[in-house]
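Here the structure comes first, spelled out in structure tokens, and everything after it is commentary.
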2 protein chains.
Amino acid sequence: MPDNKLTAPARRSDTTRAAILDAARERFAADGYERATIRTIARDAGIDPSMVMRYYGSKEGLFAAAVAVDLKLPDLGPLPRDEVGSALVTHFLAMWEENEVLTALLRVGATNQAGAERMQGIFQEQLLPVARQACPDPEQVPVRAALTATQLLGLALTRYVLRLPPAVALSRQEIVAWLAPTVQRYLTAPNP
Amino acid sequence: MPDNKLTAPARRSDTTRAAILDAARERFAADGYERATIRTIARDAGIDPSMVMRYYGSKEGLFAAAVAVDLKLPDLGPLPRDEVGSALVTHFLAMWEENEVLTALLRVGATNQAGAERMQGIFQEQLLPVARQACPDPEQVPVRAALTATQLLGLALTRYVLRLPPAVALSRQEIVAWLAPTVQRYLTAPNP
DNA sequence: CGACTTCGTCAACGCTTGTTGGCCTACAGG
DNA sequence: CCTGTAGGCCAACAAGCGTTGACGAAGTCG
């Protein structure tokens, strides 16, 4: 049978470990880092709190293991220049709604220094390369990527964390229609 | 001597109360609600933790008293239609940088249900009326105001909370130049 | 001066948190 | 079958939290 590459030797406790990670993601997303307790996470997973410590070492270790983010940003290379905004916004919306990890990370990043640094890392390692594909002037890539981040994270904040009613009520298509031109301009327009 | 309207009769402890509020704002802004403790706030203010309880009743009461937000949004009436975006972005930047209360509120709103509801209230009572002045179609006001909020709060999040380096490095004029057209479009453009 | 309110400190409470170590159970390999 | 090891639970710990009430100091007013 084809195993995972060359990682773990398939321990007997894998289902428990996975249950812990699932519960942790849910709690971190709903409550943030400080209010999500190991005890409630363990109860959600149906096991003893000490198991969490044994498998993940500490609360920080658990958070690090639970929130492993891959934005899976698309390759903008083959795309027409004027569709990158719409492609990015659509992709972000889909990622955010299928995966509570992103909400967890945003919540924690807003309170916790370690969380904020993790988000800086994701920005640098995942968004910057994509912006490099869309932005003509290489020197401007960080600025353009940061502007894009303000709009995309602002949407996530108001829609998934603060839940401003009008932002929640918007349909995905409406959001794309409104935000795509903004992101498009931030990435590809000449300096204003 | 001309007193404040008809509020407090000027107690002797007013300086202490103010010191508590100052320390509280600073701690809430830096650490968020859960990690900011009454004990550290009291130590910062140079008094005993029990004083905080006496004057503000509870930690929640302290937060409510410390974070009283008035955005002082300008009257858009007399402004040319095509300058509302720039006026709003400029004003938001100024408010945010002179006052750590807004950062405190944003941090808490991201973790705490009560904080999120407070932000919803500010949106409804302060941003909505201003949007009404700029937006031609009354029925669209909530949507347009929410879109504006995504961009403005997204800027605050990346620049003042997450501190993405390129977002921090931007000058105020650059930010206005980039964001003003976005906000202008969200408020005044016809449906996309 | 003496009575009374206000300001402030101190010590403690009950509770929750992350974390630890010991113990029982059950499966695996020889 | 028997032994070793990994999975799991239980009880407890030290620390920190918000909160409370008693008590002394200091100012206020008759």
Side-chain angles (χ1 to χ4, degrees), chain A residues 1 3 7-28 30-67 104 107-108 111-115, chain B residues 1 3 7-28 30-67 104 107-108 111-115:
Chain A
M1 76 185 160
D3 212 344
T7 54
R11 288 149 305 196
R12 185 156 39 98
S13 61
D14 279 346
T15 75
T16 300
R17 298 176 117 96
I20 294 176
L21 283 190
D22 277 354
R25 276 189 268 267
E26 204 165 319
R27 284 292 175 179
F28 282 135
D31 299 339
Y33 186 81
E34 341 284 343
R35 303 181 8 143
T37 73
I38 290 197
R39 282 171 156 91
T40 61
I41 291 171
R43 195 178 322 134
D44 288 358
I47 46 93
D48 189 87
S50 62
M51 301 303 296
V52 179
M53 302 301 297
R54 175 145 8 166
Y55 291 148
Y56 298 101
S58 67
K59 189 179 180 181
E60 274 202 39
L62 173 63
F63 177 73
V67 181
R107 271 219 159 86
V108 174
T111 327
N112 197 277
Q113 179 60 21
Chain B
M1 77 185 160
D3 213 344
T7 54
R11 289 147 305 194
R12 186 155 39 97
S13 61
D14 279 347
T15 75
T16 299
R17 298 174 117 94
I20 295 176
L21 283 191
D22 277 355
R25 277 189 268 265
E26 204 165 318
R27 284 291 173 179
F28 282 135
D31 299 339
Y33 186 81
E34 341 284 341
R35 302 181 8 144
T37 73
I38 289 196
R39 284 171 154 91
T40 62
I41 291 171
R43 196 179 322 136
D44 288 358
I47 45 94
D48 191 89
S50 61
M51 300 303 296
V52 179
M53 302 302 297
R54 173 132 46 179
Y55 291 147
Y56 298 100
S58 67
K59 189 180 181 181
E60 276 202 36
L62 172 63
F63 177 74
V67 182
R107 268 218 163 85
V108 175
T111 327
N112 197 278
Q113 179 60 22

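Keep in mind that the numbers below use all heavy atoms, side chains included, and drop hydrogens, waters and symmetry copies.
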ask   = What pairs of residues pass the salt bridge (Lys or Arg N to Asp or Glu O under 4.0 Å) test when at least one of them lies in residues 52-66 of chain A, not counting sequence neighbours?
value = none
request  = Measure across A/A45 and A/A23 and return the closest heavy-atom pair with its distance rounded to 0.1 Å.
outcome  = N-CB, 4.1 Å
ask   = Which residues within residues 42-57 of chain B lie with some heavy atom under 4.0 Å of an atom in DNA chain D?
value = B/S50, B/M53
key: With A/R25 via side chain to side chain contact (heavy atoms under 4.5 Å, CB included) - residues at least two apart   = A/L21, A/D22, A/A66, A/E100, A/V101
message = Would A/L62 and A/I41 count as a side-chain contact (heavy atoms from CB on, under 4.5 Å) here? Give the steps.
response = CA-CA 10 Å; A/L62 173 63; A/I41 291 171; 3.9 Å; yes
task = Just jot down the side chain to side chain contact (heavy atoms under 4.5 Å, CB included) partners of A/D48, sequence neighbours excluded, or say none.
result = A/S50, A/M51
request  = Tell me, please, the opening and closing nucleotides of DNA chain C, 5' to 3', among those with an atom under 4.0 angstrom from a non-hydrogen atom of chain B.
outcome  = C/dT6 to C/dA12
remark   = Looking only at heavy atoms, the pair that brings B/T111 and A/R35 closest together is O-NE, 4.3 Å
Dot-bracket encoding per residue of DNA chain C, Watson-Crick/G-U cut-off under 3.5 Å, | denoting interstrand = ||||||||||||||||||||||||||||||
message = I'd like the 5' and 3' limits of the part of DNA chain D contacted by chain B, with heavy-atom contacts below 4.0 Å.
response = D/dC17 to D/dG27
message = Using the side chain to side chain contact (heavy atoms under 4.5 Å, CB included) criterion, which residues pair with B/A36? Sequence neighbours excluded.
response = B/R27, B/F28, B/D31
message = Assuming nearest nucleotide by heavy-atom distance, tell me which of B/E34 and B/R12 is located more 5' along DNA chain D.
response = B/E34
request  = Could you pull out the closest heavy-atom pair between A/N112 and A/E34, with the gap in Å?
outcome  = ND2-OE2, 3.7 Å
remark   = Expected list for residues 18-28 of chain A near DNA chain D, using heavy atoms below 4.0 Å, is none
request  = Output all residues satisfying side chain to side chain donor-acceptor pair (under 3.5 Å) with A/S58, sequence neighbours left out; order by chain, then residue number.
outcome  = none
message = Tell me every residue that passes side chain to side chain donor-acceptor pair (under 3.5 Å) with A/Q113, counting only those two or more places apart in sequence or in another chain.
response = A/E117
query = Would A/Y55 and A/T16 count as a side-chain contact (heavy atoms from CB on, under 4.5 Å) if you check the C-alpha gap in whole Å, the side-chain angles of each, and the deciding distance to 0.1 Å?
reply = CA-CA 10 Å; A/Y55 291 148; A/T16 300; 4.2 Å; yes
key: Trace of the side-chain contact (heavy atoms from CB on, under 4.5 Å) decision for A/R17 with A/I20   = CA-CA 5 Å; A/R17 298 176 117 96; A/I20 294 176; 5.7 Å; no
ask   = side chain to side chain contact (heavy atoms under 4.5 Å, CB included) with A/A18: which residues, sequence neighbours excluded?
value = none
